[in-house]
Amino acid sequence: MTTAAQPAHTRILLKLSGEALMGDDAFGINRSTIERMVSEIAEVVGLGVQVAVVIGGGNIFRGVAGGAEGMDRATADYMGMLATVMNSLALADAMNRQGLTARVMSAIDIQQVVEPYVRPKALQYLEEGKVIVFAAGTGNPFFTTDTAAALRGAEIGAQVVLKATKVDGVYTADPMKDPTATRYAQLSFDEAMVRNLGIMDATAFALCRDQKLPIRVFSIARPGALKRVVMGEDEGTLVYA
Ligand code: UDP
C-alpha cells in the first residue's frame with residue numbers, strides 16, 4: 001500500500017515582500033498576482049500545513065517614496081508599517097474570497113481596523129487552521145518585515161521561515177549578471193555570513209541564526225514552488241544552523 005507523501009513542515013512562516021503583490025505594475029497591488037499567490041498558499045493549507053504570513057510594504061511605499069524623502073526616519077518607518085497593514089488587509093481579503101479563513105493581527109494598535117497581535121490567540125488560530133497575516137512588521141521603526149518574519153516565526157514555533165523572492169534561491173553570484181552563477185541547494189548560517197550573501201538584513205539573519213530557525217529562500221513566482229518547498233523538495237536554498 002502506498003501512502004501520500006506527508007509535508008516536511010507542519011507550521012511555516014511565509015515572508016512576502018510587498019513587491020511580490022505588484023506583478024508587472026509600477027506599484028500597488030495587482031489583482032491577478034495576489035489571487036495567484038493566494039492559490040499557492042491555499043494549496044499548502046489544503047495539505048494541513050499551518051501558515052502565517054508576514055508581508056512587506058514596498059509596493060505601496062513606492063507610491064509615496066518621493067514625499068518620504070528627507071523625512072524623519074522614524075516617521076517614514078511608521079508610514080512603511082502602515083503600508084504593510086494595507087497589504088495585509090488585501091491579502092486576507094483575497095484569502096477569504098478563495099475559501100480560506102484569514103486573520104490579520106497588527107503589531108501597531110489600530111483596533112478599529114485589525115485586531116492586535118496576541119501570541120496565544122495567534123497560536124489558537126493556527127491550530128484552528130486559520131491563516132494569520134501579521135501586519136505592521138515588528139511595530140518598531142528601524143526594523144524591517146524580514147525581522148518581523150524572524151521574530152514571529154520564532155514566537156509561533158514555525159519550523160522554517162520561507163523568504164519569497166524574485167530569484168529562485170541563493171546564488172554564488174548575481175544570476176542576472178553572471179550566467180555561470182550556480183544556486184546553493186543549502187548552506188549553513190556561518191557559510192552565508194562568511195560569503196556575505198545578504199540573505200536577510202543583519203538583525204533578521206542574526207535572530208534566525210540564534211534561534212536555529214532555518215530560512216528557505218525561494219521564488220514565489222514559480223508555480224507550485226511553495227508546495228514543493230513544503231514537501232521538502234529541492235526548491236530554492238535552505239539556510240540551516
Ligand atoms: N518597517 C518598520 N519596522 C518593521 C517593519 C517595517 O519600520 O518592523 C517599515 C520600514 O520603513 C520598511 C517598511 O516598513 O522599509 C516596509 O517594510 P519592508 O521594507 O520590510 O517591506 P518590503 O521591502 O519587504 O516590501
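When a ligand or atom number is given, it counts from 1 through the structure's own listing order.
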Result block: side-chain N/O donor-acceptor pairs under 3.5 angstrom for residues 44-52, not counting sequence neighbours:
from	atom 1	to	atom 2	distance (Å)
Q50	OE1	R11	NE	2.7
Q50	OE1	R11	NH2	2.7

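Contact annotation: for K15 versus ligand 1, heavy atoms closer than 4.0 Å belong to the side chain alone. Of the heavy atoms in N140, only backbone atoms (N, CA, C, O) come closer than 4.0 Å to ligand 1. In S17, the parts holding a heavy atom less than 4.0 Å from any atom of ligand 1 are both the side chain and the backbone.
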### Message
What verdict does the side-chain contact (heavy atoms from CB on, under 4.5 Å) test give for I220 and L16, after you've listed the backbone C-alpha separation in whole Å, the side-chain angles of each residue and the deciding distance to 0.1 Å?
### Response
CA-CA 8 Å; I220 192 81; L16 299 171; 4.2 Å; yes
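In terms of protein heavy-atom proximity, atom 20 (O) of ligand 1 is closest to T145 OG1, 2.4 Å. Among protein heavy atoms, the minimum distance from atom 6 (C) of ligand 1 is reached at F143 O, 3.7 Å. Counting only heavy atoms of the protein, atom 5 (C) of ligand 1 lies nearest to T144 C, 3.3 Å.
Interface atoms of ligand 1 facing T138, defined by a heavy-atom separation under 4.0 Å, are 4 (C), 8 (O). Applying the 4.0 Å criterion to heavy atoms of G58 picks out, from ligand 1, the atoms 21 (O), 22 (P), 25 (O). The distance from ligand 1 to the heavy atoms of P141 drops below 4.0 Å at these ligand atoms: 7 (O). Atoms of ligand 1 found under 4.0 Å from any heavy atom of G56 (numbered from 1 in listed order, with element): 21 (O), 22 (P), 24 (O), 25 (O).
Remark: atom 15 (O) of ligand 1 lies closer than 4.0 Å to no protein heavy atom. In this structure, atom 25 (O) of ligand 1 has a protein heavy-atom contact shorter than 4.0 Å.
Below 3.5 Å of separation, one finds an N or O of G57 facing an N or O of ligand 1. In terms of N/O distances under 3.5 Å, ligand 1 is not approached by L16. The shortest N/O to N/O separation between A136 and ligand 1 does not fall below 3.5 Å. The N/O atoms of G18, backbone and side chain alike, include one that comes under 3.5 Å of an N/O atom in ligand 1. The shortest N/O to N/O separation between E19 and ligand 1 does not fall below 3.5 Å.
Note on residues 211-220: no pairs pass salt bridge (Lys or Arg N to Asp or Glu O under 4.0 Å), not counting sequence neighbours.
Within the cation-pi definition used here (under 6.0 Å to the ring centroid, within 45° of the axis), R103 qualifies as a partner of Y125.
M231 contributes atom CE, which lies 12.0 Å from atom CG of L226 (distance to the nearest 0.5 angstrom). Atom CG in L91 sits 8.0 Å away from atom CE in M37 (nearest 0.5 Å).
Proximity annotation for atom 7 (O) of ligand 1: of V54, D77, I60, D77 comes nearest, heavy atoms only. Which of A164, A74, G80 comes nearest to atom 13 (C) of ligand 1 through a heavy atom is settled by distance: it is G80.
Under the 3.5 Å distance criterion, the side-chain polar atoms of D178 are left unmatched by any main-chain donor or acceptor of D174. N96 places a side-chain N or O within donor-acceptor distance of the main-chain N or O of A102, the cut-off being under 3.5 Å. In terms of modelled atom types and a separation under 3.5 Å, the side chain of T237 and the main chain of Y184 share a donor-acceptor contact.
Ion pairing between a basic and an acidic side chain is recognised when a charged N comes within 4.0 Å of a carboxylate O; R97 and E35 show no such pairing.
Heavy atoms of A148 come nearer than 4.0 angstrom to ligand 1 in no pair at all. Under a 4.0 angstrom heavy-atom cut-off, M79 registers as lying outside contact with ligand 1.
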